[in-house]
Undergrad: 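Take a look at the following structure, please.
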Amino acid sequence: MGALADYVKKKFGVNTRSYPVDDPVSCLTTVTEILPDNPDRLAYTHVNLGTTAQYVAWDRGVGADHGVYVAPNGGSFSLSADEDGELVGYALFGIAITSANDIFTMVTEAA
Amino acid sequence: MRVRAPGLTVKDVWDALLTGYGVVGSYAKLIEDQLDAPVSGAKADLSTLETRLSAARAGFLDNLDAAISSIPGLRQSGIPSGFENYTLTMNRTPDNDATFVTVLDITGRGILVSVGYAAPEGAQKGADLRITVDGGGAITEADFFGVTGITIEEMECGVTFMLGFASSLLVEMALAGVDTPAHSFKAVALVE
């Protein structure tokens with residue numbers, strides 16, 4: 001076990017693995033489920049690679065008046081269990097404002 | 001939770017849509033209102049002008065320019081030239097009793113200004129007048145007065161006209177009858 005894995009295990013108390021989410025790869029102009037409910041998820045980073053803004057929230061009411069703004073062209077949004085508690089495990093929903101955006105999401109969960 | 005926005009690039013600044021910036025007095029608003037709007041309007045007007053100014057119309061404009069440019073330029077002319085570009089033409093011709101004599105015979109354009117005759121003291125006869133404009137029918141003093149047999153009596157300096165002619169003018173006068181001593185007939189025209 002490397003030093004990093006040692007450190008992470010001590011931090012979270014379990015072995016972990018990280019992987020990119022391969023579905024979905026786009027956030028649409030309609031409510032899009034980016035991450036499902038997952039009680040084993042410990043952290044994630046979500047990136048808006050599109051050219052228009054999008055919003056994310058933890059329910060399907062996400063919109064310009066309900067959620068966290070994620071800027072276009074590389075804006076990112078990160079959660080970690082040690083900072084955000086169980087919010088990390090809730091499903092994440094997003095909606096693009098003008099046109100569908102390419103997205104990139106990395107997840108760390110218990111192995 | 002951490003939310004990060006990418007740094008603005010120079011391209012982001014120039015790519016920002018003007019319609020999203022409406023603050024009065026801002027650079028974007030000034031650019032939109034004072035540059036984009038008038039320039040776009042002028043461009044549209046220019047496009048309309050270019051469409052309307054066909055080759056045929058441009059040719060007509062050239063003709064108009066040539067015609068106007070060929071008009072003699074205005075010039076200062078002293079007395080007695082009268083109107084610019086007109087030459088004052090006067091003639092005095094002695095009468096030949098009751099026979100019409102030519103007082104003015106002009107080819108060209110101009111204005112007949114006056115006709116008359118000088119009669120010596122004691123003159124008994126008036127003068128008959130005949131004016132032919134542009135080769136048309138002769139105009140006599142009867143045409144002016146509406147009745148025949150009227151003669152212009154003893155006029156010095158005579159009758160004033162503003163009678164334009166486009167190609168020719170013939171002024172003839174004759175005494176109403178034989179009279180002595182001799183009279184003289186006069187006519188004045190402005191010739192272009």
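Reckoned from all heavy atoms, side chains included, excluding hydrogens, waters and symmetry mates. Sequence lines set the chain letters: A, B, ... in the order given, protein chains first and strands last, and positions in each chain run from 1.
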Undergrad: Which of residues 69-77 of chain A get closer than 4.5 angstrom to chain B, counting heavy atoms alone?
TA: A:Tyr69, A:Ala71, A:Pro72, A:Asn73, A:Gly74, A:Gly75, A:Ser76, A:Phe77
Undergrad: Out of curiosity, does B:Val171 fall in the hydrophobic cluster containing B:Val133 (side-chain heavy atoms, cut-off under 4.5 Å, transitive links)?
TA: yes
Undergrad: Could you see if A:Tyr19 belongs to whatever hydrophobic cluster contains A:Leu42? Use Ile, Leu, Val, Met, Phe, Trp, Tyr and a side-chain cutoff under 4.5 Å.
TA: no
Undergrad: Side-chain heavy atoms under 4.5 angstrom apart, residues restricted to Ile, Leu, Val, Met, Phe, Trp, Tyr: same cluster for B:Val3 and A:Leu35?
TA: yes
Undergrad: Would B:Arg2 and A:Ser80 count as a side chain to side chain contact (heavy atoms under 4.5 Å, CB included) if you check the C-alpha gap in whole Å, the side-chain angles of each, and the deciding distance to 0.1 Å?
TA: CA-CA 9 Å; B:Arg2 298 180 188 181; A:Ser80 176; over 6 Å; no
Undergrad: Do B:Ile139 and B:Val103 land in one hydrophobic cluster if side-chain heavy atoms of ILVMFWY residues count as linked below 4.5 Å?
TA: yes
Undergrad: Less than 3.5 Å apart, which donor and acceptor atoms pair up between the side chains of residues 50-64 of chain B and the rest of the protein, not counting sequence neighbours?
TA:
unit_1	atom_1	unit_2	atom_2	d
B:Thr51	OG1	B:Ser47	O	2.8
B:Ser54	OG	B:Arg57	N	3.3
B:Arg57	NH1	B:Arg52	O	2.3

Undergrad: Which heavy atom of B:Met1 sits nearest to which heavy atom of A:Val68, and what is that distance?
TA: SD-CG2, 4.3 Å
Undergrad: Please list, in residue-number order, every residue in residues 91-111 of chain A that has a heavy atom less than 4.5 Å from any heavy atom of chain B; write 'none' if there are none.
TA: none
Undergrad: Anything under 3.5 Å between a donor and an acceptor, one on a side chain of residues 55-65 of chain A, the other on a protein residue two or more places apart or in another chain? List them.
TA:
unit_1	atom_1	unit_2	atom_2	d
A:Trp58	NE1	A:Tyr44	OH	3.4
A:Asp59	OD1	A:His66	NE2	2.9
A:Asp59	OD2	A:Gly61	N	2.8
A:Asp59	OD2	A:His66	NE2	3.1

Undergrad: Give a yes or no on whether B:Tyr27 and B:Trp14 share a hydrophobic cluster (residues Ile, Leu, Val, Met, Phe, Trp, Tyr; joining criterion: side-chain heavy atoms under 4.5 Å apart).
TA: no
